[in-house]
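Below is one structure, written out as C-alpha cells; comments come after it.
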Amino acid sequence: MNSYSPVAAQHARPDYDRTLLWLAILLLGFGLVMVYSSSIAIAAADKHANFQESYYLVRQAVYLGVGTLFGLFAFQVPNKVLQEIAPYLFLSGLVLLVLVLIPGIGREVNGSRRWLSLLVINLQPSEFMKLFAVLYAADYTVRKAAYMDNIKKGFMPMFMVMLLVGGLLLREPDFGAFAVITSIAMAILFLGGMNWRLFAGLIAMLLIGFLVLIWTSPYRMQRIIGFMDPWADPFGKGYQLSHALIAFGRGEWYGVGLGASVEKLFYLPEAHTDFLLAVIAEELGFAGVAVVILLFVWLTVRAFSIGRQAAGIDRHFAALVAYGIGIWLAVQAIINMGVNMGLLPTKGLTLPLLSFGGSGIAANCTAIGVLLRVDWENRQVMKGYSV
C-alpha cells in the first residue's frame, strides 16, 4: 500500500499557476477565432491582403507564435534582474516614443503617428510602454518607499516623468494609451503607500488635465459629442458607435451564430481590432460577452492574488509588478468594452489578448510571462529556495 506523504504532495504541485496560464490560452485562442470571423470579408476585398480570406488569421497566428516566444523569454528573467533594468527599459520606451514622432521614421495611419516600420511588421511602442511603465513605477515606488509622504521627493519626480510620457503620447495622438499608463502609475503609487492626500490631489489634477485636453482639442470634443448621442449623426460622428450598438442589439442573448455577423461586412470599422467585442456580441450574444468579461475578471483576480502572495513574503517589487499587470489588463479591457457598449467615448484601444495586432499581442504575452515568473518565484521562496 502506498502511504501519503505531505512533503511529497507539496513537491508534486506544479511550480506555476496553471489557472493563469489556461486563462491566457483561452483568451488568445478565442481571440484567434474571432479575429478570423471578423476579418474574412475585409481580407477578401483588400488587395493588400491579396484577397485572401485567411490573411488576418495567418498573421494573428504568427503574432501568437512570436508573443509566445516573448512570454517564454520573460518567464526566464528573474524579478531582481527586471528591477535592475526597469529604468533602462523605461528610457528605451521613451526613445521609441520620440522616434515615432520623427517624419520619415514614424508611420502615420488614419491620422495617427503611432508605428515604427520594421520591414515586414509595424512596431507600436506605446503597447510595450505600458509594460515598461509597470516595471518602472514598481521600481520607483520600492526605491522611494521612505518618501511616499513627501511632495518634492516622492510625488514630483514621478509626476514629471508621467507628464513627459503623456506629452509624447498625446503628440501621436494616443489618448487611450495615456489613460492606461496613467492608471497604472497612479494605482502602483497608491498600493505602494503614497499619502492619500497627495493621491487625492493627483487625481484632481489629472481630472482637470483630461478636461482641458478634451476642451482644447476639436477632434476629442467631437468624439464626446458623438458618444453622448450617436444617433444624432449616425453617418458622421456617431457612425462607429451606432453600428457597434446595432451589433449588440442584433446579438440578443445567444447571438446570430459564429461567422454570421452582418456588421463586420464593411459596416463596422475596425471590426477585428478596436470593435472586436461588438462582433462577439452580435455572433455569440450576451452569453459570449459575459464569458469574455468573466475571463478578464478571473485573470485580474489571479494577478492580484499573486501580488498579495508576493507582498506577504516581503517581495515588494514583485508584488507591485503583479498588481500593475492586473491593473493594466483590467483597465484596458474596461475601456475597450465601455467604448464598444457606448459607455465611454471612442478610443483607439484594443481588447487585450483578443484583438488583432502584433505589438499588442507580444506585449500582452510578455506581461503574462512576467506574471507567471512572479508566481513561480513566490512558490520557490515558500519552499525555502532562494531566487
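Taken to the nearest 0.5 Å, the CG atom of Leu191 stands 5.0 Å off from the CD1 atom of Ile327. We find the OG-CD1 distance between Ser261 and Ile40 to be 10.5 Å, quoted to the nearest 0.5 Å. Here the CD1 atom belonging to Ile181 is positioned 14.0 Å from the CE atom belonging to Met186, to the nearest 0.5 angstrom. For the atom pair Ile280 CD1 and Leu258 CG, the distance stands at 10.0 Å (nearest 0.5 Å). To the nearest 0.5 angstrom, Leu131 atom CG is 9.5 Å from Asn364 atom CG. The CD atom of Gln124 sits 13.5 Å away from the CE atom of Met129 when rounded to the nearest 0.5 Å.
Leu294 and Leu351 fall into different hydrophobic clusters, where Ile, Leu, Val, Met, Phe, Trp and Tyr are joined by side-chain heavy atoms under 4.5 Å apart, directly or via other members.
Taking the six-membered ring for Trp and the full ring otherwise, the centers of Phe304 and Tyr323 sit less than 6.0 Å from each other. The ring of Trp253 has its center closer than 6.0 angstrom to the ring center of Phe286. Under the 6.0 Å cut-off for aromatic ring centres, Phe132 and Phe90 do not qualify, their centroids lying 6.0 Å or more apart.
When each of Tyr56, Tyr55, Tyr36 is tested with Phe356 by the rule ring pair (Phe, Tyr, Trp, His ring centres under 6.0 Å), just one qualifies, namely Tyr56.
Here the side chain of Arg113 pairs a donor or acceptor atom with the backbone of Gly106 at under 3.5 angstrom. Between the side chain of Arg107 and the main chain of Arg114, no donor-acceptor pair closer than 3.5 Å is present. In this structure, Asp17 contributes its side chain and Asp375 its backbone to no donor-acceptor pair below 3.5 Å.
Contact annotation: the side chain of Leu284 never approaches that of Val291 to less than 4.5 Å [non-hydrogen atoms, C-beta and beyond]. By the 4.5 Å heavy-atom criterion applied to side chains, Ile368 and Ile325 are not counted as neighbours. With a 4.5 Å cut-off on side-chain heavy atoms, Leu57 and Leu32 count as touching. Contact of the Glu282 side chain with the Ile246 side chain is not registered, since no non-hydrogen atoms from C-beta on lie closer than 4.5 Å.
Phe317 meets the ring pair (Phe, Tyr, Trp, His ring centres under 6.0 Å) test with no other residue; sequence neighbours excluded.
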Please tabulate, for the side chains in residues 66-89, all donor-acceptor contacts under 3.5 angstrom to protein atoms that are two or more places apart in sequence or on a different chain.
unit_1	atom_1	unit_2	atom_2	d
Thr68	OG1	Leu64	O	2.7
Asn79	OD1	Arg315	NH2	2.9

Report all side-chain donor-acceptor pairs from residues 154-164 shorter than 3.5 Å, counting only partners two or more places apart or in another chain.
none

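Side-chain contact check for Ser37 and Glu283: at least one donor-acceptor pair (N or O, by modelled atom type) lies under 3.5 Å.
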